[in-house]
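Single-structure report; data block below.
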Amino acid sequence: MRAEIIAALEPILFGDYRQSYAIRAELENAFAAEVGANFAVAVHSGTIGLFLALRACDIGPGDEVITVANSDISTTGAISQCGATPILCDVLEDDYTIDPALVEALISPKTRAILPVDLHGHPANVKTLRPLADRHGLRIVEDAALATGAQDYGLPLGAFADVAMFSFAPFKPLGSAGNGAMVVTDDDAIHDKLRLLSSYGHSDVAVSTRHPAADVPAGYQDYIAEGYNVPLDGLQAALVLKKLPHLGEWTEKRQAIAAALEAGFADTAAHTPRFRPESAPTFRSYAIRVDCQDKLHSALRDAGIEAVIHYAPPIHRYTVYAGSGSVYAPPGLPGADNLPVTDMLARQYVNLPVTPELTADEVNYMIETAKELLQDM
Ligand SMILES: Cc1ncc(COP(=O)(O)O)c(C=O)c1O
């Protein structure tokens with residue numbers, strides 16, 4: 001795609017700077033259509049996208065948000081940075097996503113939202129969480145950073161959430177060359193706040209009404225909120241826009257590689273992820289689980305395979321949260337000291353590379369090498 005991509009970047013580099021705005025808007029429209037959402041707002045990163053999604057749902061100081069520790073620091077960071085408290089829920093051993101059966105017990109009078117994470121590209125069961133959230137008046141903010149292209153119950157991810165975020169960081173399923181993300185919603189008010197907060201809080205970008213007490217003459221600029229300057233950069237937007245039409249085909253390749261890996265590991269000591277029948281995951285990488293995590297990881301790398309250990313240790317073990325009480329769960333319930341599945345997964349993950357560019361020979365080499373190594377461990 002080299003020539004095509006360079007041609008798309010040229011007008012942004014050398015033309016009128018407003019080209020960037022047009023390209024970003026084009027990407028937003030195309031992405032919204034791709035995931036079947038009414039609105040999409042392109043922002044500078046998944047981290048800021050999650051934060052803005054929560055802010056747009058009016059999450060703030062004193063609120064609690066139920067999420068998982070089996071994720072990236074961005075997940076809990078976005079909640080804390082709103083002034084809210086992340087309440088940690090354990091995950092399922094099968095597909096590594098939030099265990100819906102444990103969520104209700106974590107709901108308190110302060111709970112305002114649930115933030116499920118589609119880790120590794122595996123859809124969390126957001127459809128099951130929806131009636132629970134509705135019963136308790138909670139928002140669902142879906143962290144689909146790693147899952148662009150995945151579907152659940154026949155629908156693109158985000159369909160059962162109030163707002164969802166998809167990251168365009170380089171190693172995500174739809175990557176840019178730098179940072180970026182898309183935040184999608186069907187809700188007018190959430191969309192309005194996302195626009196406002198991602199663009200300085202400027203009155204031009206949202207339909208929010210001006211306050212009658214504001215002293216701004218007609219024709220002068222006005223600010224409705226203290227916002228951030230974090231729209232997606234035009235160069236990244238142009239690149240992602242060129243890649244977007246290939247997403248379906250690339251997702252199928254990722255799924256085919258994952259199927260080959262699953263079959264390859266069938267008779268080994270490695271556990272492979274298991275999915276609900278409705279779940280159509282994508283695979284940012286293929287997370288197998290083994291007891292000899294470090295040994296297998298380094299032996300694979302020695303053999304030229306770009307294995308990594310993602311999401312270990314889990315978030316609640318990080319220095320930033322150590323003893324701080326800032327990630328929390330009620331005593332006796334799943335939480336920072338009571339996340340047995342999360343802790344077990346983190347001790348076992350070895351992530352194998354899955355990219356559409358991998359050849360069948362490379363996938364076979366990965367399977368045969370890993371199988372041989374596992375026999376000796
Ligand atoms: C699960 C998850 N959520 C959020 C993020 C943040 O996305 P970004 O890197 O675009 O800020 C990441 C990044 O790796 C992630 O893995």
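This one's a predicted model, so the numbers in the text were calculated from it and none came from an experiment. Order of appearance sets the numbers: ligands from 1, and atoms from 1 within every ligand.
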Closest non-hydrogen contact found for P231 with S198 is CD-O, 3.4 Å
If you round to the nearest 0.5 Å, how far is CD1 of I190 from CG of L54?
10.5 Å
contact_flag R284 ligand 1 heavy-atom lt 4.0 Å:
no
Given I73, D143, L119, which one has a non-hydrogen atom that is nearest to atom 2 (C) of ligand 1?
D143
Looking only at the side chains, is there a donor atom on one of N179 and S45 sitting less than 3.5 Å from an acceptor on the other?
no
Heavy-atom gap Y311 to ligand 1 smaller than 4.0 Å
yes
Give the residue and atom name of whichever protein heavy atom lies nearest to atom 15 (C) of ligand 1, and the separation in Å to one decimal.
D72 CB, 3.4 Å
Lys/Arg N to Asp/Glu carboxylate O, E93 vs R289, below 4.0 Å
yes
Which residue is it: D152, T128, T97? I am looking for the one with a side chain to side chain donor-acceptor pair (under 3.5 Å) to R276.
D152
Applying a 4.0 Å heavy-atom criterion (strictly less than), which segment of T47 is in contact with ligand 1: side chain, backbone, both, or neither?
both
Closest protein heavy atom (residue, atom, distance) for atom 7 (O) of ligand 1:
G46 CA, 3.5 Å
Apply the side-chain contact (heavy atoms from CB on, under 4.5 Å) test between L247 and each candidate in T282, V240, T148; give the one that qualifies.
T148
Would you check whether K172 has a nitrogen or oxygen atom less than 3.5 angstrom from a nitrogen or oxygen atom of ligand 1?
yes
Please say whether S71 places an N or O atom under 3.5 Å from an N or O atom belonging to ligand 1.
no
What part of L146, side chain from CB on, backbone N/CA/C/O, both or neither, has a heavy atom under 4.0 Å from ligand 1?
side chain
Would you mind running through ligand 1 and noting each atom that sits below 4.0 Å from a heavy atom of V117?
1 (C)
Once you restrict to heavy atoms under 4.0 Å, what part of S74 touches ligand 1? Side chain, backbone, both or neither.
side chain
Do the ring planes of Y96 and H122 sit parallel (below 30°), tilted (30 to 60°) or perpendicular (above 60°)?
tilted
Check for me whether the distance between the ring centres of H120 and Y349 falls short of 6.0 Å.
yes
Could you tell me whether A145 and ligand 1 have an N or O pair separated by under 3.5 Å?
no
